[in-house]
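Here is the structure we will look at.
The figures here come from the full heavy-atom set of this structure, side chains too, leaving out hydrogens, waters and symmetry mates. Quick note: residue numbers are just sequence positions, from 1.
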Amino acid sequence: MAIEVVCAFIFKDDHIWMGRRPDHKHMGGKWEFPGGKIDDGEDAETALKRELIEELGIEISIREVVAEVTHEYPNKIIHLRAFRVSSKEDPKLIEHTEGQWIPINTSDYLDWASADIDLWQTFHRARRAQ
């Protein structure tokens, strides 16, 4: 059974925020869209709001789901759902070691977590289809 995970595409102009995972965590050193697992009893939106307060110290407004994928790692399967969000605050580095605003059209994802690469490609396929 897949682990339910949510993440945020935090938009600012034509850029989206990403953070680098701490080295001691799964996929350490890789870039990711911030978020995390949905806890028992939570819905996706509540989980995402909680995760972004914990990881980035920001309150968000959730717009809509922009992409979702099921990704199989060697030791687990995750179902990852990305939401378009906005915040009046800039992300703080609480859980991540670095942060960056990436151009919305980037295809330079060499150092990204593999599920986030799948998610990004799915997001761009949907954008091109519109």
Side-chain angles (χ1 to χ4, degrees):
M1 180 186 288
I3 299 166
E4 292 295 323
V5 179
V6 290
C7 69
F9 281 13
I10 305 168
F11 282 82
K12 183 177 183 181
D13 301 320
D14 287 336
H15 290 74
I16 298 175
W17 196 89
M18 294 190 83
R20 187 183 293 270
R21 294 182 58 79
D23 289 334
H24 67 279
K25 296 225 175 174
H26 176 257
M27 302 295 291
K30 298 289 185 183
W31 290 92
E32 69 171 0
F33 298 106
K37 288 184 261 188
I38 299 174
D39 289 341
D40 289 339
E42 279 184 322
D43 61 29
E45 292 84 0
T46 301
L48 187 57
K49 288 179 178 182
R50 175 186 51 77
E51 286 285 350
L52 293 189
I53 288 170
E54 291 173 3
E55 289 187 6
L56 304 177
I58 62 172
E59 304 248 347
I60 59 166
S61 296
I62 297 175
R63 305 291 182 232
E64 74 270 347
V65 174
V66 292
E68 57 186 297
V69 296
T70 299
H71 184 83
E72 191 168 340
Y73 285 105
N75 58 341
K76 63 184 167 185
I77 299 171
I78 66 169
H79 177 248
L80 179 59
R81 202 170 345 162
F83 290 82
R84 177 188 301 264
V85 307
S86 61
S87 178
K88 295 178 180 169
E89 309 164 87
D90 285 330
K92 298 162 196 66
L93 296 178
I94 297 171
E95 288 285 323
H96 297 90
T97 59
E98 295 178 67
Q100 66 177 343
W101 291 97
I102 62 161
I104 194 166
N105 292 321
T106 192
S107 59
D108 179 18
Y109 36 75
L110 181 63
D111 290 333
W112 292 19
S114 53
D116 291 80
I117 293 171
D118 287 351
L119 189 69
W120 189 248
Q121 291 171 341
T122 299
F123 170 67
H124 276 283
R125 279 193 299 274
R127 284 183 70 218
R128 283 192 298 272
Q130 292 179 348

Would you check if Leu56 and His96 make a side-chain contact, meaning some heavy-atom pair closer than 4.5 Å? yes

- Kindly indicate whether the side chain of Lys37, heavy atoms from C-beta on, has any atom under 4.5 Å from the side chain of Val5.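 In short, these two side chains touch, coming nearer than 4.5 Å.
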
Kindly compute the distance separating [atom1] ([X]) from [atom2] ([Y]), expressed to the nearest 0.5 Å.
{"X": "Ser114", "Y": "Glu32", "atom1": "OG", "atom2": "CD", "result": "11.5 Å"}
{"X": "Ile78", "Y": "His26", "atom1": "CD1", "atom2": "NE2", "result": "8.5 Å"}
{"X": "Gln100", "Y": "Arg20", "atom1": "CD", "atom2": "CZ", "result": "7.5 Å"}

Treating [X] as the side-chain partner and [Y] as the backbone partner, does any N or O pair qualify as donor plus acceptor under 3.5 Å?
{"X": "Arg84", "Y": "Phe9", "answer": "no"}
{"X": "His15", "Y": "Ile10", "answer": "no"}
{"X": "Tyr73", "Y": "Ala115", "answer": "yes"}
{"X": "Asp39", "Y": "Glu42", "answer": "no"}

Shortest non-hydrogen pair, Ala8 vs Leu48, comes out as N-CD1, 3.9 Å

Shortest non-hydrogen pair, Thr122 vs Glu68, comes out as CG2-O, 3.9 Å

| message | Which label fits Phe33 and Trp120: parallel for a plane angle under 30°, tilted from 30 to 60°, or perpendicular past 60°? | response |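 Plane angle under 30°, so parallel.
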
Fill in: Glu59/Lys88 ion pair, N-O < 4.0 Å
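Not counted as a salt bridge, because no side-chain N and carboxylate O are separated by less than 4.0 Å.
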
